[in-house]
Asks: 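Okay, handing you the structure first.
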Amino acid sequence: MATNRFQALENVLDRKAKHTSAPSDKISNFYGEMVFNHNTMQEYLTDEAYRGVQDAMVEGKRLDRKIADQVASAMKEWAISKKASHYCHWFQPLTGSTAEKHDAFFFPIEGGRAIERFEGSMLVQQEPDASSFPNGGIRNTFEARGYTAWDPSSPAYVIGKTLCIPTIFIAYTGEALDYKMPLLKALHAVDQAATEVMQFFDKNVTKVNATLGWEQEYFLVDKALVAVRPDLAMTGRALFGHAPAKGQQLDDHYFGSIPERITAFMRDFETEALRLGIPVTTRHNEVAPNQFECAPVFEETNLANDHNLLLMDVLEKTARKHDFRVLFHEKPFAGLNGSGKHNNWSLATNTGHNLLSPGKTPKTNMMFLAFFINTLKAIHDHADILRASIASSGNDHRLGANEAPPAIISAFIGSQLTQVLDRLVANVKSEEMTPEDKMELQLNMGKIPQILLDNTDRNRTSPFAFTGNKFEFRAVGASANCASAMIALNTIMASQLRIFKNDVDHLIEKGNRKDEAILKVLRDYTVASENIRFEGNGYGEEWVEEARKRGLPNLKDTPRALDALIDKKNMALFEEVGVLSKVEMHARHTIELENYVMKLQIESRMIFDIAQTMILPAAIQYQTDLANNVNALNTLLGTEAKKGTVAQMQLIREIAEHIDGIKTNIENMLDERRKANAIKNVRDKSIAYCDKVKPYFEMVRKHSDKLEQLVDDDRWPLPKLREMLFTR
Ligand code: ADP
Ligand code: MG
């Protein structure tokens with residue numbers, strides 16, 4: 001068996017950088033060429049059809065049948081010109097990845113001939129085999145139907161030989177079975193609420209878009225090495241393996257030139273992404289060895305999220321072409337930096353204004369403060385919803401592990417804005433304000449600097465940081481669909497903005513001038529949300545203690561964090577904002593817990609399997625070698641042998657201890673798993689997996705990682721972490 005590992009390593013060493021197919025052309029010549037975008041639509045559609053699609057895209061109007069047929073026919077014509085032979089509805093089921101149902105344009109007709117066919121009905125709606133996707137009890141088997149329906153706000157594109165149409169995925173009874181549908185609803189709700197609030201400041205604003213700029217982290221490992229690491233292949237993370245002697249302490253990978261194989265891979269995936277209209281600008285960071293990051297320019301949230309999912313797919317496919325495997329797991333290698341997906345978020349008006357950008361005048365600053373303080377209030381009141389939105393078994397390894405924000409939700413705003421808020425609280429009085437108060441306030445509002453010098457990158461330990469002109473939600477996991485976090489954030493923001501509008505209107509009715517009413521409400525919110533602000537080191541133990549005193553929740557594991565989804569007031573909020581019904585929230589809760597249990601089940605099985613069939617045999621064989629050596633020396637030297645076998649005997653005992661440790665722990669783990677599997681209630685089951693099964697993972701690993709340091713390297717069956725991370 002051991003030879004597998006060395007064969008794999010030889011394969012890696014023999015590899016040459018692949019030839020890249022990246023064109024030498026200017027990027028602007030091929031950017032978006034595989035997208036059915038505005039330009040293409042204008043070229044292929046009649047004016048009437050183009051207007052119809054525009055209305056559907058911008059205002060969510062229904063397309064009539066005739067127009068849908070025209071659009072479908074144009075899309076087909078365009079797609080065939082791009083060499084597509086098939087079309088698919090592309091959707092985002094709650095498994096976490098994306099799914100596609102492919103059909104051919106080809107259609108046989110009489111006389112042994114065929115035509116390429118694609119009609120409006122095929123564009124607008126499809127019925128994939130929905131029974132294979134999680135539904136959390138929404139669909140009974142007799143109604144196991146689900147539909148995908150076209151989302152015209154995200155453009156269709158051609159990838160490979162397929163025309164892909166972004167769609168939502170819903171049950172026969174109308175409930176959402178995906179991430180896209182609630183995301184669109186949350187974005188619509190935040191648009192409406194923010195537009196309403198904007199009437200206080202600028203009546204020209206008729207639409208507000210939530211913007212998203214994500215930063216995707218991932219690891220690359222050679223495919224030959226993954227092939228002989230069943231844990232990586234099956235679970236996306238190394239369940240065994242001693243940390244390499246050289247980890248990221250030296251930080252030299254920051255400066256090292258990116259090896260040729262990886263440069264070739266990057267050029268290829270970037271080209272593919274650019275052709276698909278994903279605005280990747282060349283900006284890569286290496287954080288841990290073999291870890292990389294890609295961050296395109298931000299876009300409207302629904303489009304940005306589709307682009308993230310598409311990019312993950314492109315990364316995976318391109319990695320294969322270059323003999324790599326890409327790992328999106330939040331913590332593939334213990335002891336090294338994990339992978340996150342920062343979500344940069346803001347609100348932008350249709351008049352081109354970023355609402356989280358400090359302005360030039362006291363008036364624009366009041367507008368900035370309104371959206372800024374409302375965000376803090378939303379985070380403060382609904383930290384549990386945000387926490388639940390990023391919960392996953394993978395992210396549990398990362399949150400609070402001294403490299404990623406803790407599981408405690410807090411917000412960082414920097415010292416300048418802290419001062420601004422302090423002054424606001426001091427200057428605004430709840431009673432009638434004097435002219436002096438107002439004057440001072442005006443002065444202070446005018447002093448908010450447009451560029452916040454102490455902000456941006458200064459505090460990397462906060463899960464929710466204000467970075468100059470946007471908030472950065474840093475606790476999102478690398479493998480997650482950003483929609484989950486974006487649904488949560490935009491929903492609580494929509495709710496908060498509605499409350500704000502009401503509170504201000506109420507004070508105006510009571511005779512306050514508009515500006516004074518706004519300032520008074522903002523002052524109250526600032527005081528009420530103070531607890532959520534934390535400027536110190538989010539990784540420190542003191543913060544955990546301080547947060548406890550402040551009464552902020554610290555939910556370290558997924559099953560408990562997910563409770564927020566079925567909390568009565570949270571369900572009421574989601575229903576009121578019109579994003580998810582109680583039935584849908586319950587279903588999501590169930591599905592997330594099922595996903596969690598499934599992931600841990602697979603990991604536990606892999607641990608048993610690898611420990612029993614790979615690690616124990618290697619350790620026992622080496623122990624036998626040692627025992628044979630002791631025996632031989634005894635025969636040869638008789639009583640004199642005693643001294644010469646001390647080290648061997650010591651090793652034999654140490655190895656025996658760890659063999660025993662592994663065997664006992666995997667058997668106990670199996671017992672706990674059997675007990676957990678017998679539990680019917682999915683929440684109880686997930687808690688059993690979390691509290692009773694999972695602790696064995698670490699115990700088994702500890703013994704195995706010790707053995708890795710004792711057993712003859714030639715006999716060790718699994719590629720070591722240092723080999724996976726430093727062999728390219
Ligand atoms: P880092 O966190 O690594 O310092 P940058 O400051 O370079 O990252 O930018 C992070 C991301 O924030 C980029 O993807 C950028 O497009 C995005 N971003 C910038 N402005 C906004 C905005 N108004 N809304 C959403 N995302 C934004
Ligand atoms: Mg960032």
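First listed ligand is number 1; within each ligand, the first listed atom is number 1. The figures here come from the full heavy-atom set of this structure, side chains too, leaving out hydrogens, waters and symmetry mates.
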Asks: Should the pair F265 and F269 be assigned to parallel (<30°), tilted (30 to 60°) or perpendicular (>60°) ring geometry?
Replies: tilted

Asks: Check the side chains of Q92 and D306 for a donor-acceptor pair under 3.5 angstrom, ignoring hydrogens and angles.
Replies: yes

Asks: Which atoms of ligand 1 have any heavy atom of N354 under 4.0 Å away?
Replies: 23 (N)

Asks: Could you tell me if T351 and N204 have a donor-acceptor pair between their side chains, going purely by distance under 3.5 Å?
Replies: no

Asks: With heavy-atom distances below 4.0 Å as the criterion, list the atoms of ligand 1 near V297.
Replies: 16 (O)

Asks: Counting only heavy atoms, which portion of L356 has something under 4.0 Å from ligand 1: side chain, backbone, both, or neither?
Replies: neither

Asks: Which single N/O/S atom of E472 lies at minimum distance from the Mg ion (ligand 2)?
Replies: OE2

Asks: Side chain, backbone, both or neither: which applies to S357 and ligand 1 if a contact is any heavy-atom pair less than 4.0 Å apart?
Replies: neither

Asks: Suppose I only count heavy atoms of E472 and a 4.0 Å limit; which atoms of ligand 1 are within that range?
Replies: 2 (O)

Asks: Record the part of N344 in heavy-atom contact with ligand 1 below 4.0 Å; permitted values are side chain, backbone, both and neither.
Replies: both

Asks: For H380 and N531, which I'm curious about, is there any donor-acceptor pair between the side chains at under 3.5 Å?
Replies: no

Asks: Is the closest side-chain donor-acceptor distance between Y525 and D503 under 3.5 Å?
Replies: yes

Asks: Under 4.0 Å between a Lys/Arg side-chain N and an Asp/Glu carboxylate O for R533 and E530?
Replies: no

Asks: If you round to the nearest 0.5 Å, how far is CD1 of I262 from CZ of F292?
Replies: 3.5 Å

Asks: Is there any N or O on F298 that sits under 3.5 Å from an N or O of ligand 1?
Replies: yes

Asks: So which of S346, P296, A304 gets nearest to atom 14 (O) of ligand 1, if we judge by its closest heavy atom?
Replies: P296

Asks: Restricting to N, O or S atoms, which atom of H342 is closest to the Mg ion (ligand 2)?
Replies: ND1

Asks: Is there a polar contact between ligand 1 and E293, counting only N or O atoms under 3.5 Å apart?
Replies: no

